[in-house]
Amino acid sequence: TELKHIRNFSIIAHIDHGKSTLADRLIQQTGGLTEREMSAQVLDNMDIEKERGITIKAQTVRLNYTAKDGQLYELNLMDTPGHVDFAYEVSRSLAACEGALLVVDAAQGVEAQTLANVYQSIEHDHEIVPVINKIDLPAAEPEKVRKEIEDIIGIDASEAVLASAKSGIGIADILEQIVLKIPPPKGDRDAPLEAMLVDSWYDPYLGVVILVRVVNGVIKKGQNIKFMAGGTEHLVDRVGCMRPKIETLPELAAGEIGFITAQIKDISQTRVGDTITTVKNPAAAPLPGFKEVQPVVFCGLFPVDANDFDKLRDSISKLRLNDASFSFEMESSAALGFGFRCGFLGLLHLEIIQERLTREYDLDLITTAPSVVYKIQLTHGNGELELHNPADMPDPTKIDEIQEPWIEAVIYCPDEYLGSILKLCQDRRGIQKNLTYVGGRAQVTYELPLNEVVFDFYDRLKSISRGYASFDYYQIGYREGDLVKMSIMVNAEPVDALSMIVHRGTAESRGRGMCERLKDLIPRHLFKIPIQAAIGGKVIARETIAAMRKDVTAKCYGGDISRKKKLLDKQKEGKKRMREYGSVSIPQEAFIAALRMG
Ligand code: GTP
């Protein structure tokens with residue numbers, strides 16, 4: 001295809017504004033899908049994605065569209081992930097395109113994620129085509145939203161398409177605007193190959209599939225290619241595109257987006273943002289923008305039943321085949337036995353992996369307190385240590401300084417919730433940087449320690465704003481903090497899964513909260529159980545679970561036989577989900593519940 005007949009674009013939107021539905025409509029309208037296939041959303045193809053309604057992996061689809069000028073165009077639609085945890089993948093997808101459809105919900109209007117994404121898109125010099133979606137909703141206010149797009153984002157929205165992805169309104173207009181407004185790609189097919197690795201995933205039949213944007217040159221079967229950052233060489237054995245079904249092509253040339261396979265077994269060799277060139281006639285320099293993605297949130301995953309350890313290892317290895325951004329290494333804990341210390345791009349990423357392990361692989365897991373990566377300067381010139389696990393915290397006398405990662409967060413909310421949101425940020429050691437009003441809504445910028453955000457900040461924000469606040473963040477580097485390790489002891493036994501690094505100033509209230517919650521979560525035993533939070537040897541909070549009264553147990557064994565059997569079954573089930581701490585049993589749910597701050 002000639003460059004001037006190619007359009008590469010992505011769809012940017014706040015979560016739930018209808019990006020995937022619109023993508024499916026565009027595919028359907030251009031002949032890639034039947035109405036029946038439409039019913040199963042195509043671009044969100046994992047179960048969990050579907051349930052949570054979020055796109056995790058970027059995917060791309062090629063559409064053939066005959067425009068009103070009679071010309072056949074090749075449209076490459078790139079679907080991008082919709083969550084802050086996957087920001088780097090988004091940035092590479094955007095770098096592969098020349099334009100973007102900006103989808104805004106006609107009832108919800110512009111939100112934080114809309115803004116964050118659109119600014120990124122503008123940074124990539126994209127031509128932006130605004131689409132006001134869901135105009136079928138009774139609450140739709142398209143004119144108000146049109147004005148919001150102009151006032152808040154500052155782009156011309158006078159020609160914004162009024163659409164309903166759900167009922168198919170405005171789709172033809174959107175296709176026409178893509179061709180008319182988004183510029184064709186630039187590139188030179190005769191130059192040495194430079195292709196950007198946009199995404200990769202593991203396919204059981206094809207091996208590792210790599211999504212590429214060819215910037216210059218041509219990529220085809222039989223070529224020896226080289227990953228400039230990864231350093232490895234491979235033989236291309238397949239080149240193609242998705243419509244969304246896989247189609248093999250003779251080549252991908254400058255300006256085009258498509259996939260290749262090259263007999264790669266291990267996804268960790270394919271780094272998003274890397275430059276692919278040929279061994280024979282390599283490019284002089286890699287494309288700009290490569291970044292190594294690093295996990296930022298760590299936690300331990302342990303099987304509830306120690307016999308499941310091998311199964312957990314197999315399952316984690318399988319998941320990792322498809323997700324190079326998640327890391328794991330074996331870990332052993334005094335209380336929890338053998339498990340894995342895992343690293344994630346963020347809390348949502350953590351939850352997704354945890355849920356897949358539980359659901360797809362049928363594993364009962366205990367997740368330890370999520371922790372960020374601390375940098376510890378040791379005394380006596382003993383260098384620096386990266387701490388991924390609170391359990392590995394060195395003795396305080398050996399620590400000169402502890403640094404923690406900070407983020408800058410932008411929160412966007414209706415005015416009425418601003419007070420409680422400011423309080424939440426303040427309680428989490430936030431430093432207010434900016435507060436402005438746009439279109440009757442407040443936009444507040446805070447610097448916050450990542451540690452204070454990873455637990456439940458997002459949940460809290462959503463609950464105090466009844467779901468109206470949106471939140472976006474990026475890391476801004478490390479700062480020194482007065483941080484200490486807080487241990488939790490149940491019946492005088494330290495529970496390492498619950499130990500965490502906290503700020504000294506909030507340690508006492510965190511400790512008290514944790515003890516109070518555990519008191520409610522741990523069932524009574526035949527004896528009294530003290531629960532304590534401590535820093536070093538010093539107890540900072542304490543609760544006691546009273547002993548069970550004898551007659552309560554006695555009652556269990558009366559009654560008729562079927563009730564008794566039911567009870568025994570229930571107990572058996574309960575046993576499976578309990579961890580024994582010395583003589584105390586702690587239900588699995590207690591760990592997760594205890595880690596949610598009240
Ligand atoms: P992420 O993948 O999480 O970013 O969400 P998304 O932006 O892809 O949203 P999605 O397409 O999954 O749509 C979210 C919800 O809005 C779904 O329940 C859709 O059925 C619904 N929806 C999408 N478009 C329309 C529309 O035009 N009108 C109405 N009424 N609902 C719509």
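Both ligands and their constituent atoms are indexed starting at 1 by order of listing. In this chain, residues are counted from 1 in sequence order. These numbers were taken from a predicted model, which means no experiment stands behind them.
Interface of Ser164 with ligand 1, defined as ligand atoms under 4.0 Å from a residue heavy atom, comprises 26 (C), 27 (O), 28 (N). For ligand 1, the atoms sitting less than 4.0 Å from at least one non-hydrogen atom of Ser20 are 2 (O), 6 (P), 8 (O), 11 (O), numbered in the order shown with element in parentheses. Residue Leu137 approaches ligand 1 through these ligand atoms, each under 4.0 Å from one of its heavy atoms: 30 (N).
Looking at Arg92 and Glu89, no side-chain N of the basic residue comes within less than 4.0 Å of a carboxylate O on the acidic one, giving no salt bridge. Ionic pairing of Lys181 and Glu98 is not present here: no N-O contact between side-chain nitrogen and carboxylate oxygen is shorter than 4.0 angstrom. The residues Asp427 and Lys423 are annotated as salt-bridged, a charged nitrogen and a carboxylate oxygen being separated by less than 4.0 angstrom. Ion pair Arg429/Glu404 flagged as a salt bridge, since at least one NZ, NE, NH1 or NH2 atom sits closer than 4.0 Å to an Asp/Glu carboxylate oxygen.
Between Asp16 and ligand 1, a contact under 3.5 Å exists for at least one N or O pair. Close N/O approach between Ala165 and ligand 1 is found [any backbone or side-chain N/O within under 3.5 Å]. Here's the thing with Gly18: one of its N/O atoms is less than 3.5 angstrom from an N/O atom of ligand 1.
At a heavy-atom distance under 4.0 Å, only backbone atoms of His17 (N, CA, C or O) approach ligand 1. Only the side chain of Asp136 comes within 4.0 Å of ligand 1, judged by heavy-atom distances.
Every residue was checked against the salt bridge (Lys or Arg N to Asp or Glu O under 4.0 Å) condition with Glu127, not counting sequence neighbours, and none meets it. Under the ring-ring contact (aromatic ring centres under 6.0 Å, His included) criterion, Tyr65 pairs with no residue at all, not counting sequence neighbours.
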